[in-house]
Number of protein chains: 2
Amino acid sequence: MLRAAVEVADAGGLAGLTIRSLAQELGAKPMSVYYHVAGKDEILDGIIDHVFSQIELPSADGDWRTELRRRAASARDVLRRHRWAISLMESRTSPGPATLRHHDAVIATLRAAGFSLEMTAHAYALIDSYIYGFALQEAALPFEGPDTVADVAESIMEQFDADAYPHLVELATGYYFKTSYDFGDEFDFGLNLILDGLSAALPAESAEDRESRPAPDYRRPGTLNP
Amino acid sequence: MLRAAVEVADAGGLAGLTIRSLAQELGAKPMSVYYHVAGKDEILDGIIDHVFSQIELPSADGDWRTELRRRAASARDVLRRHRWAISLMESRTSPGPATLRHHDAVIATLRAAGFSLEMTAHAYALIDSYIYGFALQEAALPFEGPDTVADVAESIMEQFDADAYPHLVELATGYYFKTSYDFGDEFDFGLNLILDGLSAALPAESAEDRESRPAPDYRRPGTLNP
DNA sequence: AGCAGTTTCGTACAAAGTACGATACGTTGT
DNA sequence: ACAACGTATCGTACTTTGTACGAAACTGCT
């Protein structure tokens, strides 16, 4: 049921998910849907929780940076496969069991890493803001792969006076169009910066731990996908 | 025209913004609207750009951290006043002039700060992901002020087995419910961490500049709103 | 067979976007 | 003054949406 709803949404976007289209996907008539759910809102709540259930949970046992990186990558991946989920998150306010379970696992990982309650709240807000915001921007990109970046930008620039946005043009022509730029590659940079910053907030990291990890040198180019 | 559309959306959400409600706000009949715009999509594109125009632009002249902080605070403020704008950003893919102008100003500030083209792209993706993601989470909060946090959490917990989410409960009871927790206060913490991390990526920051700014100590509590 | 609970569906209505064409209004040339 | 024309408004009506209401079909059990 929810699976079918997710499939319809994946195929035709949120606007394509109607009671009628869902019924057709299920091989039934529209009003039959209403025996199983109270209304469309319940469907929306359901598919959001279904999406959350697809995100890999971090383990509190492993290295916290590795675990949080893994769940961040998984979350981004899931949100990329279900773009419509991002805008739904804003309007749905009653979290489902999978959503709560997910939150619990992340908090557990942060606590096991040694963060205080206060710092856990800070870290969680920061990390999830980044993940969701990145997914939001990725979903807003008018292109799919790294192939048509230039085309889209060109069509945009044609409509306006390119001279009015010199720095935007410089960045586009001087970097985005060079080689095969993929916005998705930006994800790791920001996530690493955030995790490094959070490491500094750990109260009791031993000296050996700190030394075993070389200081990040963001000045060195080409370190996005080592 | 766009102003009226924004007002209607502010009052009744995106769902409340219909051609008919907009016409009523304007003191006209529904079909009169169609003389001025091609369709509802054009209205949506228009109000998104209108929202962007309300965000304060950073100046390339001032201190880049101060400027970016100011524009981040302004962006968050604007997105808080117009919650519906966040989900619109995902679907609208043709940026308006105010949007492009905004992007240009931010890029200019980063470039003036000394960031390379590559690092500017990284920094911009990171900062905006954080801002949008934070706004998205803020919009998803089921409460308005810091007063009803406990109430909402309680009603959620009642529906499920509280024992199933021990860490979530610990964080809620041990921190969120203590004092008057305000999620909005988390914003500064993350933004500062990000800006500090980006500072480390500046290639040519002079020694004096670095020394004039004390090293951040995230371990010290209560430094969110100095 | 008969009955109760479960599941499906046919009909119908309200609200949404908007196509189409008619109407009214302001300006201009004569 | 008056006709003509571009600008702006609106009335009607069609389509698509969610869903209320009640009838119909099906299922399992005695």
Side-chain angles (χ1 to χ4, degrees), chain A residues 1-51 82-96 139-140 142 159, chain B residues 1-51 82-96 139-140 142 159:
Chain A
M1 170 79 195
L2 290 180
R3 223 183 314 275
V6 168
E7 276 177 31
V8 174
D10 285 343
L14 254 196
L17 174 59
T18 71
I19 298 292
R20 287 171 173 84
S21 64
L22 174 57
Q24 190 173 16
E25 174 82 16
L26 292 167
K29 296 302 162 76
M31 291 320 281
S32 304
V33 173
Y34 282 92
Y35 178 77
H36 305 276
V37 295
K40 192 169 183 182
D41 278 355
E42 196 172 296
I43 298 177
L44 298 180
D45 282 335
I47 58 179
I48 275 287
D49 205 54
H50 185 78
V51 164
H82 311 294
R83 307 162 95 77
W84 43 265
I86 302 166
S87 48
L88 257 191
M89 290 185 15
E90 184 207 12
S91 47
R92 308 286 95 197
T93 54
S94 57
Q159 296 177 11
Chain B
M1 168 81 194
L2 290 181
R3 221 185 316 274
V6 168
E7 275 177 30
V8 173
D10 286 342
L14 254 196
L17 174 59
T18 70
I19 297 291
R20 288 172 171 84
S21 64
L22 174 57
Q24 191 174 16
E25 173 82 15
L26 293 167
K29 297 302 161 73
M31 290 318 287
S32 304
V33 172
Y34 282 91
Y35 178 76
H36 305 275
V37 296
K40 192 170 184 180
D41 278 354
E42 197 173 294
I43 297 177
L44 297 179
D45 282 335
I47 59 179
I48 276 287
D49 205 55
H50 186 77
V51 164
H82 311 294
R83 307 161 96 80
W84 43 265
I86 302 165
S87 48
L88 258 191
M89 290 184 15
E90 185 208 12
S91 46
R92 308 285 96 195
T93 53
S94 57
Q159 297 177 10

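In the text below, chain A, chain B and the rest are named by the order of the sequence lines, each starting its count at 1. All figures in this text were calculated on a predicted structure; none of them were measured in a lab.
A pairwise comparison of heavy atoms in B/Glu42 and B/Val37 identifies OE2-CA, 3.6 Å as the closest pair. Across B/Met89 and A/Ala140, no two heavy atoms sit closer than the pair O-CB, 3.4 Å. The two residues A/Leu2 and A/Gly46 come nearest to each other via the heavy atoms CD1-O, 3.7 Å. The minimum heavy-atom distance linking A/Ile48 with A/Ala85 is given by the pair CD1-O, 3.5 Å.
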Which letters describe nucleotides 12-26 of chain D, given B = protein heavy atom under 4.0 Å from base, S = only from sugar-phosphate, - = neither? B----BBBBB-----
Assign a letter to each nucleotide of nucleotides 21-27 of chain C from its 5' end: B, base within under 4.0 Å of a protein heavy atom; S, sugar-phosphate only; -, no contact. -------
Extract all donor-acceptor atom pairs below 3.5 Å that involve side chains of residues 9-28 of chain A and protein atoms in other chains or at least two apart in sequence.
{"from": "A/Asp10", "atom 1": "OD1", "to": "A/His82", "atom 2": "ND1", "distance (Å)": "2.7"}
{"from": "A/Asp10", "atom 1": "OD1", "to": "A/Trp84", "atom 2": "NE1", "distance (Å)": "2.7"}
{"from": "A/Asp10", "atom 1": "OD2", "to": "A/His82", "atom 2": "ND1", "distance (Å)": "3.0"}
{"from": "A/Thr18", "atom 1": "OG1", "to": "A/Arg20", "atom 2": "N", "distance (Å)": "3.3"}
{"from": "A/Thr18", "atom 1": "OG1", "to": "A/Ser21", "atom 2": "N", "distance (Å)": "2.9"}
{"from": "A/Thr18", "atom 1": "OG1", "to": "A/Ser21", "atom 2": "OG", "distance (Å)": "3.2"}
{"from": "A/Ser21", "atom 1": "OG", "to": "A/Gly16", "atom 2": "O", "distance (Å)": "2.9"}
{"from": "A/Ser21", "atom 1": "OG", "to": "A/Thr18", "atom 2": "N", "distance (Å)": "2.8"}
{"from": "A/Ser21", "atom 1": "OG", "to": "A/Thr18", "atom 2": "O", "distance (Å)": "2.9"}

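Between B/Ser32 and D/dC10 there is a side-chain polar atom (N or O) within less than 4.0 angstrom of OP1 or OP2. Within the structure, every side-chain polar atom (N or O) of A/His36 is placed at least 4.0 Å from both OP1 and OP2 of C/dT6.
Rounding to whole angstrom units, CD of residue A/Gln24 and C1' of C/dC9 are separated by 15 Å. Here the P atom of nucleotide C/dG10 and the NZ atom of A/Lys29 are 4 Å apart, to the nearest Å. Atom pair B/Tyr35:OH and C/dA19:P shows a separation of 16 Å (rounding to whole Å applied).
For B/Asp49, there are no salt bridge (Lys or Arg N to Asp or Glu O under 4.0 Å) partners, not counting sequence neighbours. Scanning for ring pair (Phe, Tyr, Trp, His ring centres under 6.0 Å) contacts around B/His50 gives an empty result, with sequence neighbours left out. Under the side-chain hydrogen bond (donor to acceptor under 3.5 Å, both in side chains) criterion, A/Ser94 pairs with A/Asp45, sequence neighbours left out.
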